[in-house]
**Student:** 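Here it is, the structure in full.
Naming: A, B, ... by sequence-line order, numbering from 1 per chain.
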There are 2 protein chains.
Amino acid sequence: MKTLSATFRPLYRQVRSMIERALEDGEWAPGEAIPSEIELASRFDVSQGTVRKAVQSLAAENLLVRRQGKGTFVATHTEEKASNFRFLRIRRNDGRAEYPKSRLVGLRRARASAEAARLLAVRTGDPVFVLRRVLEYGGVPAVLDEITLPAALFRGMTRERCAAYPGSMYGFFETEFGVRMLRADERLHAIAADAESARLLQVPVGTPLLAVERVAYTYGERPVELRRGLCTTRREHYWNALT
Amino acid sequence: MKTLSATFRPLYRQVRSMIERALEDGEWAPGEAIPSEIELASRFDVSQGTVRKAVQSLAAENLLVRRQGKGTFVATHTEEKASNFRFLRIRRNDGRAEYPKSRLVGLRRARASAEAARLLAVRTGDPVFVLRRVLEYGGVPAVLDEITLPAALFRGMTRERCAAYPGSMYGFFETEFGVRMLRADERLHAIAADAESARLLQVPVGTPLLAVERVAYTYGERPVELRRGLCTTRREHYWNALT
DNA sequence: CAGTGGTCTAGACCACATC
DNA sequence: ATGTGGTCTAGACCACTGG
């Protein structure tokens, strides 16, 4: 297979794209096994080694999960136990690895502000859902989240379904709406609590809070969630590894 | 090469360890090329493919840098241009990719507090250097850093050398003391500015600040730097990618 | 036991940088 | 032209899982 230098694209990259496309098209459901390397090799008419490179690069980006002796599986937010901390950077200061309880405090329809529209790549005024919740550790509020979602992708979103879902938010999005979050960017600021956030977080007005702005992306780098979190950092902190 | 299951360790892992050892021993200086894959293969008596796997895993962790057609180089903090942002997560809100100017505001010898000793894996009371500096964007202070270093590893540290070095702090540590930072953990809190930080950062007392605590590690996961940064987030923010 | 992913090898060829 | 890392192949064998 010869290609010109300007157009050069390794075979395994092309195979990767094809697998990615199949994932996006839902050919295999989250949590399911994809075909074995040998099957994929015959399907794409390349060697097993080339498939392996493609699959491993997808696994490196957490789109797939490989398990020796078992197979390769479509990554899912519904069974990531420890790895669920991937999108939850708030930890307790005492080091206890504990998941906060989520309490819904509001869900409303709204129209995208200019800024929200820009970040979500929709048009200003397009319908969105705005969801608010509080995360609590042992009954003590720690995070106040305001989550903005393009309504077009989350048809049928209701307060009841939201409150009823037992797992994580991204598990909810994945199972109920087929929206899979793959990666996110965050920007952090320090701000003072205003009256409302102070009330919901049960801290004095003016308390320094961590403001975490997140844009989360699905396949094709398409933004599908805008989130603003306000975190008290008395008992918790935001954790990050520089590698 | 047969091994028992309990002891199993892939060949490329062993090769990786040997290369890592050589790096730690300074067999090749930062910025220098290491031997080619073929040479390493013959040195370790394995195939080129096995060497490649070892080298690529080191490159993936930023200990080495591979350049097609040129060779594989020991990573250095002295010439990482864009990639220098790896350890500088503070960005301007307006998106301009600009490096802050560093201004030294103090260097003193001290004894490690119990907490510093724990984080740096030294004994309480062991000698340390405490270095303070301000980072400024266009003359406006943005970050106040307090950096604690085990004195044993930074012999000959002086205010003058510190102020004289033109590049980044980790470039300074690497060139002047042979201490190479490989990765770091950070914990973020939001706090209110006290009198002194308010003065140095030119903000009102009580202004919410981002408090960034960092422990940086060198080879063998040995901690060698403890850093506490206080950042105003009016014009800047802390940036992070969740992948 | 069969089937999966993981390792290791040997060899061919390609893209890139330099001389 | 030469040497570097990057890709691709084919095949052998190993480690892990589950029936």
Side-chain angles (χ1 to χ4, degrees), chain A residues 1-19 22-23 28 31-76 79 83, chain B residues 1-19 22-23 28 31-76 79 83:
Chain A
M1 179 165 305
K2 280 201 168 186
T3 53
L4 295 177
S5 173
T7 341
F8 177 68
R9 198 169 168 229
L11 238 194
Y12 77 91
R13 277 277 171 198
Q14 303 173 38
V15 171
R16 191 198 131 115
S17 292
M18 290 189 279
I19 298 175
L23 284 168
W28 314 292
E32 265 186 22
I34 72 171
S36 72
E37 294 179 354
I38 293 175
E39 289 174 277
L40 290 173
S42 107
R43 163 163 166 181
F44 298 123
D45 197 31
V46 297
S47 78
Q48 187 181 351
T50 299
V51 166
R52 162 163 286 138
K53 266 194 104 164
V55 168
Q56 280 182 327
S57 81
L58 288 167
E61 291 175 24
N62 299 109
L63 274 73
L64 296 174
V65 177
R66 315 201 79 187
R67 275 175 263 190
Q68 184 174 164
K70 302 186 74 172
T72 300
F73 301 80
V74 181
T76 174
E79 48 184 60
S83 131
Chain B
M1 180 165 305
K2 281 201 169 188
T3 53
L4 295 176
S5 174
T7 341
F8 177 67
R9 199 170 166 227
L11 237 195
Y12 78 91
R13 279 274 172 200
Q14 303 172 39
V15 171
R16 189 198 135 115
S17 293
M18 291 189 279
I19 298 175
L23 284 168
W28 315 293
E32 266 186 21
I34 72 170
S36 73
E37 294 179 352
I38 293 175
E39 288 173 279
L40 290 173
S42 106
R43 164 164 166 182
F44 298 123
D45 198 30
V46 297
S47 78
Q48 188 182 349
T50 300
V51 166
R52 161 164 285 136
K53 265 194 104 164
V55 168
Q56 280 183 327
S57 82
L58 288 166
E61 292 175 24
N62 300 110
L63 275 73
L64 295 174
V65 177
R66 316 201 78 187
R67 276 175 258 184
Q68 184 175 159
K70 302 185 72 172
T72 300
F73 301 80
V74 181
T76 174
E79 50 184 61
S83 132

**Student:** Any side-chain heavy atom of A:Leu40 within less than 4.5 Å of one from A:Val15?
**Tutor:** no
**Student:** Under 4.5 Å between any side-chain heavy atoms of A:Ser17 and A:Arg9, yes or no?
**Tutor:**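 Yes - at least one pair of side-chain heavy atoms lies under 4.5 Å apart.
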**Student:** Report yes if a side-chain nitrogen or oxygen of B:Arg67 is closer than 4.0 Å to either non-bridging phosphate oxygen (OP1 or OP2) of D:dG5; otherwise report no.
**Tutor:**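 Indeed not, no polar side-chain atom of B:Arg67 lies that close.
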**Student:** Please list, chain by chain and in numerical order, all residues satisfying salt bridge (Lys or Arg N to Asp or Glu O under 4.0 Å) with B:Arg43, sequence neighbours excluded.
**Tutor:**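 B:Arg43 satisfies salt bridge (Lys or Arg N to Asp or Glu O under 4.0 Å) with B:Glu27 only.
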**Student:** Between atom CD1 in A:Ile34 and atom C1' in C:dG5, what is the gap in whole Å?
**Tutor:** 11 Å
**Student:** Under 3.5 Å, which protein N or O atoms sit close to an N or O of nucleotides 17-19 of chain D? Give each pair with its distance.
**Tutor:**
{"unit_1": "D:dG18", "atom_1": "OP1", "unit_2": "A:Lys70", "atom_2": "NZ", "d": "3.2"}

**Student:** Do A:Phe44 and A:Ile19 have side chains that get closer than 4.5 Å, going by heavy atoms?
**Tutor:** yes
**Student:** Excluding sequence neighbours, so at least two apart, what forms side-chain contact (heavy atoms from CB on, under 4.5 Å) with B:Ser36?
**Tutor:**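 B:Ser36: side-chain contact (heavy atoms from CB on, under 4.5 Å) contacts with B:Ile38, B:Glu39.
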**Student:** Starting at atom CD of B:Glu37, determine the distance to atom P of C:dC8, rounded to an integer number of angstrom.
**Tutor:**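 Value for this atom pair: 15 Å.
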**Student:** List the atom of A:Ala54, the atom of A:Tyr12, and the distance in Å for their closest heavy-atom pair.
**Tutor:** CB-O, 3.4 Å
**Student:** Would you say a side-chain N or O of A:Ser36 is under 4.0 Å from OP1 or OP2 of C:dG3?
**Tutor:**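 No, A:Ser36 has no side-chain N/O under 4.0 Å of OP1/OP2 on C:dG3.
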**Student:** Between C1' on D:dC14 and CD on B:Gln14, what's the gap in Å once rounded to a whole number?
**Tutor:**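 Result: 14 Å.
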**Student:** Which atom names give the shortest non-hydrogen contact between B:Phe73 and B:Gly31, and what distance separates them?
**Tutor:** CD2-O, 3.5 Å
**Student:** Can you name the residues that form a salt bridge (Lys or Arg N to Asp or Glu O under 4.0 Å) with A:Arg16, not counting sequence neighbours?
**Tutor:**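 Result, salt bridge (Lys or Arg N to Asp or Glu O under 4.0 Å) vs A:Arg16: A:Glu20, A:Glu61.
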**Student:** Of all the choices, C:dT7, D:dC8, C:dG5, which nucleotide is nearest to the side chain of A:Leu11 once you look at every atom?
**Tutor:** D:dC8
**Student:** Quick one: A:Leu58 CG to C:dG5 C1', roughly how many Å, whole number?
**Tutor:**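 Nearest whole value for this atom pair: 15 Å.
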**Student:** Let me know the distance between OH of A:Tyr12 and C1' of D:dT9, rounded to the nearest Å.
**Tutor:** 16 Å
**Student:** In whole Å, what is the span from the CZ atom of A:Arg16 to the P atom of D:dT7?
**Tutor:**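 From A:Arg16 CZ to D:dT7 P: 13 Å.
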**Student:** Among residues 39-54 of chain B, which contact DNA chain D at a heavy-atom distance under 4.0 Å?
**Tutor:**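 Residues of residues 39-54 of chain B under 4.0 Å from DNA chain D: B:Arg52.
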**Student:** What is the distance, to the nearest angstrom, from the CZ atom on A:Phe8 to the P atom on D:dC8?
**Tutor:**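 Result: 6 Å.
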**Student:** From the set C:dT7, D:dG6, C:dG5, return the single nucleotide nearest to any side-chain atom of B:Arg66.
**Tutor:**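 Side chain of B:Arg66 sits closest to D:dG6.
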**Student:** Write down the distance between CD1 (A:Ile38) and C1' (C:dA2), rounded to a whole number of angstrom.
**Tutor:** 12 Å
**Student:** Got a sec, which residues hit side chain to side chain donor-acceptor pair (under 3.5 Å) with A:Arg52, two or more places apart in sequence or on another chain?
**Tutor:** A:Glu37
